[in-house]
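What follows is a set of notes on a single structure, which appears directly below.
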Amino acid sequence: MPEGHTIHRLARDQRRDLVGRPVRASSPQGRFAAGAARLDGQVPLATDAWGKHLFHTFASGDVLHVHLGLIGRFRRRTSPPPEPVGAVRLRMAGAASTWDLSGPIVCAVVTPDRVDEVVGALGPDPLRPDADAEAFVATVARRAAPIGALLLDQRVVAGIGNVYRAELCFLAGIHPATPGRDLTVEQITRLWDLAGQQLRLGVRRNRIVTVDPAELGVPPSRVRRADATYVYHRDRCGRCGTPTEVVALAGRRTWACPAEQPRPG
DNA sequence: CGATTATGATTAA
DNA sequence: TAATCCTAATCGC
């Protein structure tokens, strides 16, 4: 679920649902009892996404910092909400909608200074209008690490995860093991542009569909999960049918099409 | 019903 | 590189 598109979509939806009116905060599961008690009754003024980090700034100056990690999830319910389902770390109830958070890797009340620290450690986020594309290009062009590892490194570019890294390399026709410094400026710029396009599509659809739905002849909403990517987690390339190659990069598996992403060298 | 897996990231070794 | 944390869905027996 959670790559950058998920977080930016959540920011947008939760901004509309929660900002400007007091929220009722609670921790049905109990693991965030003190934080929820502190936020209860406070008025969120702004909600912001940076890469995979989500921030809610309250009128008091308190900031709620959430990172979903691998398994974290927000579920929207109608207010007043029904009994929580599963392990709900934080429930934020607004006037018409309630958001239930489970399984986050980070859920904390922090100061604006801490926000600066977190954001300062991130590379440019293609979903932010002010993102510094040049910085991404310059970083990748100088690094010897494989592009498949650099794309997962949040200090290089913020918001890309295991699905998008595989798919972006495929869409650019680049093998993920290619060292960053062996790529041309045009190739790196192409990766940046594709990242922005794909992440924006992800925000709009609220899911990752990197295949061109026209190639499948169905609307995006009816693309099955297993068909939604060209190479990620697939045995065969979704475009040409060639058996995919599995590569371990940055400690995780990624996939490539040997026919359309020739190995470097 | 237990094991495995997952779109993440940090810490220890 | 491996262990670890968070949770829930899915898979195999």
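The structure presented is a predicted model; accordingly, all values stated were derived computationally and were not measured. Labels below follow one simple rule: chain letters A, B, ... track the order of the sequence lines, proteins then strands, and each chain is numbered from 1.
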Mind running a 4.0 Å heavy-atom check of residues 114-128 of chain A against DNA chain B and sending the residues that fall below it, in number order? none
Residue pairs passing the side-chain hydrogen bond (donor to acceptor under 3.5 Å, both in side chains) test with at least one member in residues 135-155 of chain A, sequence neighbours excluded, are A:Asp153-A:Arg155
So what's B:dT11 paired with, Watson-Crick or G-U wobble, going by both distances under 3.5 Å? C:dA2
Do the side-chain N and O atoms of A:Tyr230 and A:Glu215 include a donor-acceptor pair separated by under 3.5 angstrom? yes
Taking C:dC13 as the reference, what is the distance to B:dT5 when you measure between their P atoms (whole Å, please)? 13 Å
Using the P atom in both, what is the distance from B:dA13 to C:dC5, to the nearest Å? 13 Å
For A:Gly94, is there any backbone N or O sitting under 3.5 Å from a side-chain donor or acceptor partner on A:Ser97? no
Does C:dC6 have its OP1 or OP2 closer than 4.0 Å to a side-chain nitrogen or oxygen of A:Arg31? yes
Is it true that the side chains of A:His53 and A:Asp48 contain a donor and an acceptor less than 3.5 Å apart? no
Please answer whether the main-chain N or O of A:Gly103 pairs with a side-chain N or O of A:Arg73 as donor and acceptor at a distance below 3.5 Å. no
Taking only residues at least two apart or on different chains, which pairs with a member in residues 247-265 of chain A satisfy salt bridge (Lys or Arg N to Asp or Glu O under 4.0 Å)? A:Arg239-A:Glu260, A:Glu245-A:Arg263
Whole-Å gap separating C1' (C:dT7) and CZ (A:Phe32): 17 Å
Please list, in numerical order, the residues of residues 62-84 of chain A that have a heavy atom closer than 4.0 Å to any atom of DNA chain B. A:His67, A:Gly69, A:Leu70, A:Ile71
Base-pairing mate for C:dA9 - Watson-Crick or G-U, with both contacts under 3.5 Å: B:dT4
Counting distance only, does the side-chain N/O of A:Arg205 pair as donor-acceptor with the main-chain N or O of A:Val209 below 3.5 Å? yes
Any sub-3.5 Å donor-acceptor pair from A:Ser60's side-chain atoms to A:Asp62's backbone N or O? yes
Counting only side-chain nitrogens and oxygens, does A:Gln154 get under 4.0 Å of the OP1 or OP2 atom of B:dG8? no
Would you jot down, in residue-number order, the residues of residues 155-178 of chain A having a non-hydrogen atom under 4.0 Å from DNA chain B? A:Gly161, A:Asn162, A:Val163
Check each residue of residues 237-255 of chain A for a non-hydrogen atom within less than 4.0 Å of any atom in DNA chain B, then write out the ones that pass by number, or none. A:Arg252, A:Arg253
Calculate the interatomic distance between A:His53 atom NE2 and B:dG8 atom P; express it in whole Å. 12 Å
If I take atom CD1 in residue A:Ile105 and atom P in nucleotide C:dT7, what distance separates them, rounded to the nearest angstrom? 11 Å
Any heavy-atom pair between the side chains of A:Leu68 and A:Ile7 that's under 4.5 Å? yes
Could you tell me the separation between the CZ atom of A:Arg89 and the C1' atom of C:dT7, rounded to a whole number of Å? 9 Å
Measuring only the P atom in each nucleotide, how far is C:dC6 from B:dC1? A whole number of Å is fine. 24 Å
Between A:Gln29 and A:Leu90 (side chain of the first, backbone of the second, donor and acceptor by atom type, cut-off under 3.5 Å), is there such a pair? no
Distance, rounded to the nearest Å, where A:His233 contributes NE2 and C:dA9 contributes C1': 13 Å
Taking A:Thr47 for the side chain and A:Arg15 for the main chain, is one N or O donor matched with an acceptor at less than 3.5 Å? no
Quick one: does any side-chain atom of A:Gln261 pair with a main-chain N or O of A:Pro176 as donor and acceptor, under 3.5 Å? no
Say whether, by atom type as modelled, one donor and one acceptor occur between the side chain of A:Arg181 and the main chain of A:Ala141 under 3.5 angstrom. no
Would you say A:Gln29 places a side-chain N or O within less than 4.0 Å of OP1 or OP2 belonging to C:dT7? yes
Can you confirm whether A:Leu39 sits close enough to A:Val109 that some side-chain heavy atom of one is under 4.5 Å from a side-chain heavy atom of the other? yes
